[in-house]
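Just so you know, ligand 1 is whichever comes first in the structure, and atom 1 is the first atom listed for that ligand. Just the heavy atoms: all of them, side chains too, but no hydrogens, waters or symmetry mates, feed the values below.
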Amino acid sequence: MRLGFVGLGIMGAPMALNLIKGGHELTMWNRTAAACEPLVQAGARMADTPAVVASECDITFAMLADPEAARAVALGPDGICDGLAAGRGYVDMSTVDAATSGRISVAVEACGGRFLEAPVSGTRAPAEQGTLIILAAGDESLYKEAAGALDLMGKKRTFAGEVGQGARLKLVVNMIMGGMMSAFCEGLTLARESQLDTTELLDILDAGALGNPMFRGKGPQMLAGNYAVAFPLKHMQKDLRLALELGHDLQVKLPTAGTANDAFVRALAAGDADLDFSALLRTQND
Ligand code: NAP
């Protein structure tokens, strides 16, 4: 099966590489062409536009920054919908809101294609290792057809039903994560200002019910002031914004997410957009 991939950022590049390693021929496109180079070295073919990728491939995957990028690549000039032929598949793995996913789905189906949303839980290392958690929804025949490729990128996947449900599930997961990171930063800051041993605090958290891979992995790096990007802070704030919009639409009160979002907005204003989202610690007490 010939596969396509558009959006070769922190996540997309290693995900695409796993498809090549899995034995697939791959055609790819990225807005900034330089990002294609390592994949050309690995045997992939670079296309000039998303439309060319979609026209050449049975299934095209996308991993794009945000709703604006997802719409531009799918619906814009020379976009996916300009190239999709009847029966071909488009799988958008970006984290977007349900309305954006719905718009893309309608447009894909209008040109005879099939659409699956499949946002992922997991960051740079799981993307490299092919151990992402994939939250799919939309066309079930495409979900089944794409299963082999999805399994090259992830260790677990679920099918959540109609288009929009995968997007909503992903926003719920990341809203919880954003709130956890905000609480973690507050705790580290309060411990530091109380002259407590913050390394000891990490050990205590890890030994009890609050132990989790995020605190375990990020905590020591944060104490060392290492904010090398795995999940960009700007994308975490985007996800909180989209989760708050979902809560607003459904009249669900989300005060914790609102407070976390305010903290991430302050971090953006301080210029930390492209650092890892754990850099929230830098501006926690501003
Ligand atoms: P990233 O490194 O910022 O990559 C974003 C990609 O989108 C790049 O390929 C970028 O192209 C492209 N792009 C941005 N605006 C565009 C536009 N207007 N038109 C065309 N292409 C555009 O982001 P990432 O970390 O890989 O994340 C990608 C998606 O996965 C996001 O929705 C994010 O929320 C989600 N996600 C990320 C993680 C993580 O840990 N990083 C984990 C789970 C989910 P250029 O190279 O030209 O800028």
Side-chain angles (χ1 to χ4, degrees), residues 4-18 28-39 44 46-51 53-54 60-82 91-98 100-101 104 117-136 153-157 166-167 169-178 181 213-214 217-218 221 227-243 264 268 272-279:
F5 211 106
V6 296
L8 302 165
I10 292 170
M11 299 294 284
M15 290 162 71
L17 189 59
N18 282 334
M28 65 182 164
W29 174 87
N30 194 63
R31 180 181 61 174
T32 307
C36 295
E37 258 320 301
L39 289 154
M46 190 171 129
D48 288 338
T49 66
V53 179
T60 299
F61 296 87
M63 194 52 163
L64 299 154
D66 51 27
E68 292 70 30
R71 286 194 297 267
V73 169
L75 313 175
D78 295 324
I80 294 291
C81 288
D82 283 347
V91 182
D92 192 344
M93 306 185 79
S94 324
T95 303
V96 300
D97 55 299
T100 294
S101 215
I104 295 172
E117 61 185 11
V120 305
S121 182
T123 184
R124 185 197 289 268
E128 289 168 354
Q129 292 153 10
T131 55
L132 294 166
I133 299 163
I134 299 172
L135 315 174
M153 297 185 276
K155 66 174 179 185
K156 178 178 170 64
R157 55 185 159 86
L169 180 54
K170 168 64 187 172
L171 293 179
V172 169
V173 170
N174 267 27
M175 181 191 78
I176 295 170
M177 187 169 79
M181 179 54 81
M214 185 172 88
K218 300 271 182 204
Q221 294 176 17
Y227 303 113
V229 65
F231 181 31
L233 192 144
K234 63 186 174 191
H235 293 336
M236 182 73 256
Q237 194 278 322
K238 174 256 304 178
D239 294 352
L240 282 165
R241 172 175 62 81
L242 297 178
F264 279 100
L268 285 184
D272 289 349
D274 293 316
L275 296 180
D276 190 68
F277 80 119
S278 55

Check step by step if side-chain contact (heavy atoms from CB on, under 4.5 Å) holds for Lys155 and Ile133. CA-CA 6 Å; Lys155 66 174 179 185; Ile133 299 163; 4.2 Å; yes
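The Leu8 neighbourhood of ligand 1 comprises atoms 9 (O), with distances under 4.0 Å to a heavy atom of that residue. Those atoms of ligand 1 with a heavy atom of Thr32 less than 4.0 angstrom away are 45 (P), 46 (O), 47 (O). The atoms of ligand 1 that sit less than 4.0 Å from any heavy atom of Thr123 are 39 (C), 40 (O). Near Lys238, the atoms of ligand 1 lying under 4.0 angstrom from a non-hydrogen atom of the residue are 31 (C), 32 (O), 33 (C), 34 (O). Distances below 4.0 Å separate heavy atoms of Gly7 from the following atoms of ligand 1: 9 (O). Short contacts between ligand 1 and Asn30, defined as distances under 4.0 Å to a heavy atom of the residue, involve ligand atoms 8 (C), 9 (O), 11 (O), 45 (P), 46 (O), 47 (O). Near Ala230, meaning under 4.0 Å from any of its heavy atoms, are these atoms of ligand 1: 39 (C), 40 (O), 41 (N).
Under a 4.0 angstrom heavy-atom cut-off, Glu68 registers as lying outside contact with ligand 1. Residue contact check for ligand 1: Ala70 places no non-hydrogen atom closer than 4.0 Å to it. Note on ligand 1: Pro232 sits in its first shell, one or more heavy atoms being nearer than 4.0 Å.
Summary of contacts: the protein heavy atom closest to atom 2 (O) of ligand 1 is Ile10 N, 2.9 Å. Nearest to atom 20 (C) of ligand 1 among the protein's heavy atoms is Val73 CG2, 3.5 Å. Among protein heavy atoms, atom 7 (O) of ligand 1 sits closest to Ala65 N, 3.1 Å. Atom 4 (O) of ligand 1 has its closest protein heavy atom at Gly9 CA, 3.5 Å. For atom 30 (O) of ligand 1, the nearest non-hydrogen atom of the protein is Met63 CE, 3.1 Å. The nearest heavy-atom contact from the protein to atom 24 (P) of ligand 1 is Met11 CG, 3.8 Å. The protein heavy-atom contact nearest to atom 42 (C) of ligand 1 is Gly122 O, 2.9 Å. Of all protein heavy atoms, the one lying nearest to atom 17 (C) of ligand 1 is Arg31 NH1, 3.4 Å.
Atoms CZ and CZ, on Arg124 and Phe231 in that order, are 12.5 Å from each other to the nearest 0.5 Å.
Proximity of Ala35 to ligand 1, defined as any heavy-atom pair under 4.0 Å, is not found for any part of the residue.
Of the residues listed (Asp239, Leu242, Leu240), the one engaging Met175 in a side chain to side chain contact (heavy atoms under 4.5 Å, CB included) is Leu240, and it is the only one.
At least one donor-acceptor pair under 3.5 Å links the side chain of Asn30 to the backbone N or O of Leu8. Looking at Asp276, its side chain does come within 3.5 Å of a backbone N or O of Ala230 through a donor-acceptor pair. Between the side chain of Arg71 and the main chain of Thr100, no donor-acceptor pair closer than 3.5 Å is present. The backbone N or O of Ala167 sits less than 3.5 Å from a side-chain atom of Glu117, completing a donor-acceptor pair. The closest donor-acceptor contact from the side chain of Lys238 to the backbone of Thr95 lies under 3.5 Å. Looking only at distances, no side-chain donor or acceptor of Asn174 sits under 3.5 Å from a matching main-chain atom of Met177.
At least one N or O atom of Thr95 sits closer than 3.5 Å to an N or O atom of ligand 1.
The closest non-hydrogen atom to atom 23 (O) of ligand 1, taken over Met93, Met236, His235, comes from His235. Distances from atom 28 (C) of ligand 1 to the heavy atoms of Asp92, Val6, Leu64 show the closest one on Leu64.
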